[in-house]
Amino acid sequence: DESFGELGNVPVEISAELGQATLDLVEWLNLKEGTLVLLNKPANEEIDILFNGVRKGKGKLLVTDSNLSVKVSTTYFGGNNGHQLQNLTV
(Lines give C-alpha, C1' and ligand atoms only; values in the text may rest on other atoms or scores of the structure.)
Protein backbone atom coordinates (compact mmCIF):
# COMPACT_ATOMS: atom_id res chain seq x y z
CA ASP A 1 0.00 0.00 0.00
CA GLU A 2 1.61 3.24 -1.15
CA SER A 3 -0.39 5.52 1.18
CA PHE A 4 2.13 4.85 3.98
CA GLY A 5 5.17 5.75 1.89
CA GLU A 6 8.44 4.62 3.45
CA LEU A 7 6.70 4.02 6.81
CA GLY A 8 5.00 1.01 5.26
CA ASN A 9 8.37 -0.78 5.33
CA VAL A 10 9.04 -0.26 9.05
CA PRO A 11 9.02 -3.62 10.89
CA VAL A 12 6.54 -3.97 13.76
CA GLU A 13 6.79 -6.70 16.39
CA ILE A 14 3.45 -8.46 16.81
CA SER A 15 2.73 -10.65 19.81
CA ALA A 16 -0.34 -12.33 21.25
CA GLU A 17 -1.02 -12.45 24.97
CA LEU A 18 -2.94 -15.50 26.11
CA GLY A 19 -3.45 -14.32 29.69
CA GLN A 20 -1.65 -13.64 32.94
CA ALA A 21 -0.97 -15.36 36.22
CA THR A 22 0.64 -14.29 39.49
CA LEU A 23 2.90 -16.70 41.34
CA ASP A 24 4.86 -16.36 44.56
CA LEU A 25 8.63 -16.58 44.12
CA VAL A 26 8.63 -20.00 45.84
CA GLU A 27 5.94 -21.25 43.42
CA TRP A 28 8.01 -19.94 40.47
CA LEU A 29 11.16 -21.63 41.72
CA ASN A 30 9.28 -24.93 42.17
CA LEU A 31 7.89 -25.04 38.60
CA LYS A 32 8.71 -28.27 36.83
CA GLU A 33 8.11 -29.58 33.35
CA GLY A 34 4.45 -30.51 33.13
CA THR A 35 3.27 -28.04 35.79
CA LEU A 36 0.07 -26.25 34.78
CA VAL A 37 -0.14 -22.51 35.34
CA LEU A 38 -3.73 -21.26 35.25
CA LEU A 39 -4.19 -17.99 33.39
CA ASN A 40 -6.76 -15.31 34.14
CA LYS A 41 -8.81 -15.81 30.95
CA PRO A 42 -11.42 -18.41 30.06
CA ALA A 43 -10.48 -20.64 27.11
CA ASN A 44 -13.22 -19.17 24.91
CA GLU A 45 -12.27 -15.51 25.52
CA GLU A 46 -10.42 -13.54 22.84
CA ILE A 47 -6.74 -12.91 23.34
CA ASP A 48 -4.94 -9.56 23.17
CA ILE A 49 -2.81 -8.62 20.15
CA LEU A 50 0.11 -6.32 20.87
CA PHE A 51 2.08 -4.19 18.41
CA ASN A 52 5.49 -3.27 19.83
CA GLY A 53 4.16 -4.18 23.28
CA VAL A 54 1.00 -2.02 23.06
CA ARG A 55 -2.47 -3.61 22.96
CA LYS A 56 -3.89 -2.83 19.56
CA GLY A 57 -6.45 -5.56 19.00
CA LYS A 58 -8.21 -8.75 20.00
CA GLY A 59 -8.61 -12.04 18.24
CA LYS A 60 -9.29 -15.74 18.46
CA LEU A 61 -6.45 -18.23 18.85
CA LEU A 62 -6.41 -20.87 16.08
CA VAL A 63 -4.14 -23.58 14.72
CA THR A 64 -3.28 -23.19 11.03
CA ASP A 65 -0.98 -25.68 9.28
CA SER A 66 0.43 -26.83 12.65
CA ASN A 67 1.20 -23.21 13.66
CA LEU A 68 -0.56 -21.00 16.17
CA SER A 69 -2.35 -18.09 14.52
CA VAL A 70 -4.71 -15.32 15.55
CA LYS A 71 -7.88 -14.43 13.68
CA VAL A 72 -8.25 -10.70 14.27
CA SER A 73 -11.70 -9.59 15.39
CA THR A 74 -11.03 -6.04 16.62
CA THR A 75 -8.29 -3.48 16.00
CA TYR A 76 -7.64 -0.27 17.92
CA PHE A 77 -5.90 1.86 15.32
CA GLY A 78 -7.10 5.44 15.42
CA GLY A 79 -7.38 6.86 11.92
CA ASN A 80 -6.23 3.71 10.16
CA ASN A 81 -7.50 4.98 6.80
CA GLY A 82 -9.54 1.84 6.33
CA HIS A 83 -6.57 -0.50 6.67
CA GLN A 84 -7.83 -3.67 8.33
CA LEU A 85 -5.85 -6.69 9.44
CA GLN A 86 -7.47 -9.98 8.58
CA ASN A 87 -5.23 -12.80 9.86
CA LEU A 88 -1.92 -12.87 11.66
CA THR A 89 0.40 -15.76 12.31
CA VAL A 90 2.35 -15.26 15.51
Query raised in the report: Does any N or O in the side chain of Asn40 come within less than 3.5 Å of the main-chain N or O of Gly19, such that one atom is a donor and the other an acceptor?
Result: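 Not at all, since once roles are kept as given, no pair shorter than 3.5 Å links the two residues.
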Would a 4.5 Å heavy-atom cut-off, applied to side chains only, mark [X] and [Y] as touching?
{"X": "Val37", "Y": "Leu31", "answer": "yes"}
{"X": "Glu46", "Y": "Ser73", "answer": "yes"}
{"X": "Lys41", "Y": "Asp48", "answer": "yes"}

Query raised in the report: Checking side-chain contact (heavy atoms from CB on, under 4.5 Å) for the pair Thr74/Ile49: CA distance, chi angles, key distance, verdict?
Result: CA-CA 9 Å; Thr74 306; Ile49 301 169; over 6 Å; no
Find out if a path of hydrophobic residues (ILVMFWY) with successive side-chain heavy-atom gaps under 4.5 Å connects [X] to [Y].
{"X": "Ile14", "Y": "Leu50", "value": "no"}
{"X": "Val70", "Y": "Leu39", "value": "yes"}
{"X": "Val63", "Y": "Leu18", "value": "yes"}
{"X": "Phe77", "Y": "Val12", "value": "yes"}
{"X": "Leu38", "Y": "Trp28", "value": "no"}

Query raised in the report: For Leu62 and Lys60, what are the C-alpha separation, side-chain angles and deciding distance, and is it a side-chain contact (heavy atoms from CB on, under 4.5 Å)?
Result: CA-CA 6 Å; Leu62 302 172; Lys60 181 176 180 171; 4.2 Å; yes
Distance, nearest 0.5 Å, that separates [atom1] of [X] from [atom2] of [Y]:
{"X": "Asn44", "Y": "Leu61", "atom1": "CG", "atom2": "CG", "value": "12.5 Å"}
{"X": "Glu17", "Y": "Lys58", "atom1": "CD", "atom2": "NZ", "value": "9.0 Å"}
{"X": "Ile47", "Y": "Arg55", "atom1": "CD1", "atom2": "CZ", "value": "11.5 Å"}

